[in-house]
Amino acid sequence: MAITHEMAAGMGGIRTAGDLVARMQMTKGMKIKDAKEYVAAKVGVSTFDLCDEAVMKEVREQLDIGHVQARVGASIGMEAKFNIARVLDMKIQAVENFKRKTGM
Amino acid sequence: MSIEDIIAESRETILQCDQARAVAVAERAVAQGFDPVQVLSEGFSYGIRQMGDLFGRGEVFLPQLILSSEVMKSAVVILDAAIQGGTPQAKAKMVIATVEGDVHDIGKGIVVSLLKTQGIEVYDLGRDVPTVKIIEKALEVDANIIGTSALLTTTLMGQKKLEDELRKNGLRDKFKTMVGGAPATQRWADRIGADAYAEDAAEAVTKALALLGR
Amino acid sequence: MSDIFTRYGDGSPTRMSKEDIRFDLEEGTRDAADRGKIPALTEAELDRLFEICTMPEKAVTVERGDEVVVSFDAGTLKLPVRAGIPMDRSTAILTHERAFCSDTMELGHVDYSYKQLKAIIHEECQAMEHIQLNTIIPVFYGAMPNLGLYTKPDGPIDNWSELLPLAKIAEAKAAQEEAVEHAVKDMVYVASRMYESGADGINFDTVGASGDADVLATLQAAQILKEKYPDIAIEFGMAGEFVLGMHGELYYDGTRLAGLYPHQQVKMAEKAGANIFGAVINTNSSMTFAWNIARAVTFVKACTEAANIPVHVNVGMGVGAIPVTNTPPVDAVSRADKALVEIGKADGL
């Protein structure tokens, strides 16, 4: 079912910009249109391109915010989340915890 | 007062959960010589089915539904006595259970409450009941109907198991069977060979009465 | 002529004429409008819905640009538990992130109720901390309010499911009110700990499964959490299309909870501080897919129009026009998704 929903209507997660738009819905309670516009402006693409795998691959690699394909030296997990928090100008609780624990 | 007025007022007393008025209407109906069966079926029973429908739409709530069934019971005592000329009628018996592996019984509880208002003696075995226990109880009390509920797609097969076990033991013709629950349908009832399917509590009453030939 | 392949609400395949499909669409929207006292779909919307229902493709998708966010309830119960794949929860979440490309995911325990989690909260916090180090997508922590667990024999309170059939209505109501107090404490405690451990959001799942008291407890818990942590993300996923009145006289901010439909429920969730509302519309297994989807879209459209927060329509098995069967067919699932997003204007699923 997860795959069917993602294929039929989903944004595509870290393959595209689904996780980023989700974060704006979750933290700011933005409706889908506003959330897409916010993210599109922050990452520098059109809202239409947010679900384009080819466009977003380059954007994600350039911003180093994690991508579905593992690459040597690329940010993953917490590292990517640090970059997402910066790019989207938002607080991520786990990132804040990491900073606190490491004295950053 | 005409029979139409009596019927309309009977329905109202159920919808308004007005016990004193229900008793008064039933007594008046008997005193005026109206057919108690008609007053029961077209008046009070109709009212209780309306309550069931309203509950299914979220327009009345469980406490009101329970109260209305209590009101109905008070009226039934009076009308039953009149039907039998003072001799209590032999009650139809129904064994009901949520099938094995399934612990959902809110809906079944509502069905039980409404069935009781119709003068049916209901043996509620609760939830997560093995098929063999359902059959044992039905034999013990000489039930007319066995009703089973299943809320899960994974437990729905319990209703088929009951039909299979009844057939295997030569008991299928001894009881009428009814099925209900979210994944159950009339198509499912037909496939497994159940005698009736009911979508909600109000329909369960109608179908049970039909199976009993009332 | 019976020429269109479609299904019933239990997933059974069937063929229907175009006229019958159109009739069921009209009946479905009429039923929703009648029950919810909301507008029925317009002729243009019914025309579009008819197109979606009768498209010859096995699977359909939303148009480019209309994609929405997908969130999950019972997240880590799906692969390791229901599918029986021997993997830990952390692996399940990474599988969703990197293989399924899910937009979000949820960490949940197999004993999926806030009450049960108190005793194992340390292990759950630890799991969340580990998962947060490795994941990129936002991860909710989720469980059910499940007020029934506070009643005997599982809890200290008299069981209202036993009291009500005995017509002990005052006692049943008092028991539910008492359960609300216990549940609020547990939900606030568990959600606080999980948020402090790095959860990106808290999912209250299947709200209202035990009736209106279940809803009241969750609203109160959400309100307390929002006051305590203004940045906390809360998803409020419902149990059914209307709030079941097990009590009948419980109010939140002056509004009676029993009997509320999605477009009214979402306003309560907003007041309590929810960031995402999970609307639920029950699938009727006896009726056709056309009837069910018209009904679901009608309720969802009214809900999204009323909402100021995003609405994620629940499209699990048995809700949102998804058939009541363990393996919901792709044709029905994809059509439901497309219709709910394009016509219902869902912000997510």
Side-chain angles (χ1 to χ4, degrees), chain A residues 1-36 46-53 60 65-70 75-81 83-84 90-98 101, chain C residues 59-62 64-72 78 96-98 100-104 129 132-138 140 195-201 231-233 235 270 274-276 304 307-312 315-317 322 328 330 333-335 337-338 340-341 346-349:
Chain A
M1 282 267 272
I3 295 169
T4 310
H5 288 312
E6 203 60 57
M7 284 292 294
M11 290 201 65
I14 61 169
R15 203 170 147 87
T16 57
D19 60 322
L20 309 179
V21 175
R23 285 192 183 278
M24 300 324 297
Q25 287 199 333
M26 290 170 66
T27 56
K28 304 292 180 196
M30 289 178 174
K31 305 260 275 181
I32 188 71
K33 180 172 176 291
D34 298 334
K36 282 185 177 178
S46 70
T47 53
F48 186 86
D49 284 340
L50 285 177
C51 290
D52 189 299
E53 291 87 341
R60 293 195 79 109
I65 55 175
H67 189 244
V68 72
Q69 292 288 344
S75 291
I76 56 166
M78 182 60 75
E79 300 159 352
K81 276 200 282 234
N83 292 336
I84 289 170
M90 66 177 294
K91 276 190 179 174
I92 294 176
Q93 181 67 11
V95 171
E96 297 303 308
N97 284 354
F98 191 99
K101 286 179 178 174
Chain C
V60 301
T61 73
V62 296
R64 275 187 171 277
D66 282 346
E67 300 91 341
V68 295
V69 168
V70 178
S71 55
F72 292 87
K78 296 183 195 299
H96 269 268
E97 173 178 298
R98 311 196 75 81
F100 294 179
C101 299
S102 302
D103 301 316
T104 69
E129 287 172 6
Q132 285 291 344
L133 287 173
N134 291 323
T135 51
I136 298 170
I137 58 171
F140 285 90
Y195 179 64
E196 287 172 8
S197 295
D200 292 291
D231 292 333
I232 193 171
E235 179 158 358
E270 279 177 14
N275 301 68
I276 297 175
T304 55
N308 294 315
I309 57 174
V311 175
H312 285 199
V315 280
M317 185 266 284
I322 306 296
V330 169
V333 174
S334 63
R335 277 167 179 72
D337 289 357
K338 183 175 174 67
L340 291 165
V341 171
D347 301 282
L349 299 171

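Note on naming: letters A, B, ... go to the chains in the order of the sequence lines (proteins, then strands), and numbering restarts at 1 for each one. Just the heavy atoms: all of them, side chains too, but no hydrogens, waters or symmetry mates, feed the values below.
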In Å and rounded to the nearest 0.5 Å, what is the OG1 to CD distance from Thr61(C) to Glu6(A)?
-> 12.5 Å
May I ask you to check whether over 12 heavy atoms, not counting those of Met7(A), lie within 6.0 Å of atom CE?
-> no
When only pairs under 4.5 Å are counted, which of Thr47(A), Ile32(A), Asp52(A) shares the most heavy-atom pairs with chain C?
-> Ile32(A)
From Leu20(A) atom CG to Gln25(A) atom CD, the distance as rounded to the nearest 0.5 Å = 12.0 Å
Proximal component of Leu50(A), with respect to chain C [non-hydrogen, under 4.5 Å] = neither
Check each atom of Leu340(C) against the heavy atoms of chain A and say whether the ones under 4.5 Å are side chain, backbone, both or neither.
-> neither
Kindly say whether Asn97(A) contributes a backbone atom to a donor-acceptor pair with the side chain of Gln132(C) at under 3.5 angstrom?
-> no
Chain A interface, residue from Ile136(C), Ile276(C), Ile309(C) that has the most non-hydrogen pairs under 4.5 Å | Ile136(C)
Going by heavy atoms in the side chains, are Val60(C) and Arg335(C) under 4.5 Å from each other?
-> yes
Please identify each residue that fulfils side-chain contact (heavy atoms from CB on, under 4.5 Å) with Glu67(C), with sequence neighbours left out.
-> Met11(A), Lys36(A), Cys51(A), Val62(C)
Kindly indicate whether the side chain of Lys81(A), heavy atoms from C-beta on, has any atom under 4.5 Å from the side chain of Arg23(A).
-> yes
Residues passing the side-chain contact (heavy atoms from CB on, under 4.5 Å) test with Met30(A), sequence neighbours excluded, are Met24(A), Lys28(A), Asp34(A), Ala35(A), Tyr38(A)
Interface residue of largest heavy-atom contact number with chain A, from Ala199(C), Gly65(C), Pro138(C), under 4.5 Å = Pro138(C)
Identify which of Ser102(C), Ser334(C), Gly348(C) forms the greatest number of heavy-atom pairs closer than 4.5 Å to chain A.
-> Ser102(C)
Residue from Asp66(C), Asp200(C), Asn134(C) scoring the most non-hydrogen pairs under 4.5 Å with chain A is Asp200(C)
Looking only at Phe72(C), Phe100(C), Tyr195(C), most heavy-atom pairs under 4.5 Å shared with chain A are made by Tyr195(C)
Reference residue His312(C); test side-chain contact (heavy atoms from CB on, under 4.5 Å); the match among Leu349(C), Val68(C), Thr104(C), Val69(C) = Val69(C)
Among the options Ser75(A), Ala94(A), Ala22(A), Ala9(A), pick out the one with the most heavy-atom pairs lying under 4.5 Å from chain C.
-> Ala9(A)
Winner by heavy-atom pair count (cut-off under 4.5 Å) against chain C, out of Met90(A), Arg15(A), Met78(A), His5(A) | His5(A)
Cut-off 4.5 Å, heavy atoms of chain C, and the answer for Ala2(A) is both
Applying a strict 4.5 Å limit to non-hydrogen atoms, the region of Glu129(C) in contact with chain A is side chain
Would you mind checking which part of Ser197(C) comes under 4.5 Å of any heavy atom in chain A, side chain (CB onward), backbone (N, CA, C, O), both or neither?
-> backbone
